[in-house]
Amino acid sequence: MISFPIIRVVSKLLIPYILLFALYVQFHGDFGPGGGFQAGVIFASAIVLYAMVFGLPAAYEVAPPKVIEKLVAVGLLLYAGTGFASLFLPRPNQDVPVTGNFLEYEVFQHNLLPGILPTGQHLGIFLVELGVGITVTAVMIIIFYAFAGRERVA
Amino acid sequence: MIDFQPWILEIPILALLAVTAVAVARIRDLWAAVMFTGIYSFLGASWMLILDAPDVAFTEAAVGAGISTVLLLGTLALTGKKEKPSTTSPLMPLVVVTVTGAALIYGTLDMPSFGDPNAPVHQYPNPGFVEKSLHDMHGLPNVVTSVLAGYRGYDTLGETAVIFTAGIAVLLILRPNKTDDFPSQTNSKSIPKPKPNVSSKRRKGGRK
């Protein structure tokens with residue numbers, strides 16, 4: 001596909017914007033439509049497009065299979081880890097220290113850079129959606145690699 | 001000023017969906033069938049957008065029209081591009097499909113009309129979610145996100161685990177080799193190259 005100038009140039013132009021749009025859908029998901037699932041798929045489709053146009057070896061350099069394989073687990077661990085973190089953090093505004101429930105985001109309340117860093121519920125949703133996004137991206141890319149990396153056994 | 005009439009878009013899209021579905025079922029050339037499934041997904045995404053579900057439309061466009069089409073093309077590149085002519089009689093499948101379709105249409109007769117606020121889906125879970133979300137989530141306006149990741153966070157953890165499991169399962173079945181994982185086309189030593197005259201064109205096509 002790399003020998004077709006139109007496809008090569010157009011996809012080179014498009015891929016950065018697809019990635020940017022994926023990040024927008026990911027981090028703006030609290031305010032507009034979107035979230036981790038959609039963003040992950042869009043991000044993965046940019047990598048898939050790159051692999052189709054420039055070949056699998058080039059894509060392996062952008063998104064090495066060894067790294068992507070690990071990211072599959074990292075996203076899920078980030079999600080579950082957010083839940084476990086809330087088990088051990090104290091609830092805000094309590095006289096007696098009480099720790100939160102699983103995935104209770106209220107305990108992430110903090111006063112660091114208010115208005116800039118997400119806090120409380122917002123931080124919890126942010127972390128959870130990030131975990132979803134990482135897992136979905138990695139799974140989509142790894143499935144594509146698994147299919148495209150096979151040779152035809154005739 | 002004339003109000004926008006949704007049926008102007010709805011009827012053509014639904015008609016095209018039906019036409020595409022019949023085309024997918026009838027066509028013998030599998031490349032064309034895969035492209036038609038991509039078109040079908042894209043029409044489905046447009047339909048979801050008309051129904052005010054942009055989240056679903058996103059997903060349908062990216063997964064259905066994008067990645068699954070690529071995966072199907074990749075599979076065809078590994079197998080073949082022609083469907084074997086069917087030897088069994090099409091009578092039995094026709095009966096099954098007709099009965100199932102009739103049952104489904106019969107089921108829709110009891111359904112509340114589109115957008116009915118008294119429909120069960122809008123009464124349960126508690127509509128209070130929509131009212132209290134803005135306060136609970138410290139001003140996050142998107143109720144879909146707050147239900148998905150906040151109120152129903154545990155369910156979404158399960159969904160993520162499902163995707164994780166799917167990825168692991170595909171890796172277990174399709175991962176190329178234990179020692180030399182993911183060989184590129186240039187340095188695959190273990191697997192013999194296929195005969196170039198048959199398959200090189202197909203492989204190239206598969207990685208469009």
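All chains are named by letter (A, B, ...) in the order of the sequence lines, taking the proteins before the strands, and each is independently numbered beginning at 1.
More than 12 heavy atoms of other residues, nucleotides or ligands lie within 6.0 Å of CZ in B/Phe164, so this atom counts as buried by the packing criterion. Sparse packing is recorded around OH of A/Tyr24, with 12 or fewer heavy atoms of other residues, nucleotides or ligands lying under 6.0 Å away.
B/Val170 is not listed as a side-chain neighbour of A/Ile142, based on a closest heavy-atom distance of 4.5 Å or more. In this structure, A/Val136 and A/Val139 have side chains that are not in contact, with every pair of non-hydrogen atoms separated by 4.5 Å or more. Using a 4.5 Å heavy-atom cutoff, the side chains of A/Phe37 and B/Glu159 are in contact. Inter-residue side-chain proximity for A/Glu61 and A/Phe54 is flagged as unmet; no heavy-atom pair is nearer than 4.5 Å.
In this structure, A/Ser86 contributes its side chain and A/Asn101 its backbone to a donor-acceptor pair below 3.5 Å. Checking side-chain atoms of A/Tyr79 against main-chain N and O of B/Leu157 turns up a donor-acceptor pair under 3.5 Å. Between the side chain of A/Thr135 and the backbone N or O of A/Val74 there is no donor-acceptor pair closer than 3.5 Å. Within the 3.5 Å criterion, the main-chain N or O of B/Val63 finds a donor-acceptor partner in the side chain of B/Ser68.
Contact annotation for B/Ile163: both backbone and side-chain heavy atoms come within less than 4.5 Å of a heavy atom of chain A. Using a 4.5 Å cut-off between heavy atoms, A/Ala138 does not touch chain B at all. Using a 4.5 Å cut-off between heavy atoms, A/Phe21 touches chain B through its side chain atoms alone. A/Val48 touches chain B through its side chain: at least one heavy atom from C-beta onward sits under 4.5 Å away, while N, CA, C and O do not. For A/Val128, the part lying near chain B is the side chain, with the backbone staying farther off; criterion is any non-hydrogen pair under 4.5 Å.
Ring-centre distance between A/Tyr145 and A/Tyr60: below the 6.0 Å cut-off.
At a heavy-atom separation below 4.5 angstrom, chain B is approached by no residue within residues 10-19 of chain A. The stretch residues 44-55 of chain B places B/Pro54, B/Asp55 near chain A, each with some heavy atom under 4.5 Å from a heavy atom of that chain.
For the set A/Ile42, A/Leu76, A/Val25, A/Val72, the entry with the most heavy-atom pairs within less than 4.5 Å of chain B is A/Leu76.
Atom CH2 of B/Trp31 sits about 5.0 Å away from atom CG of B/Leu76, to the nearest 0.5 Å.
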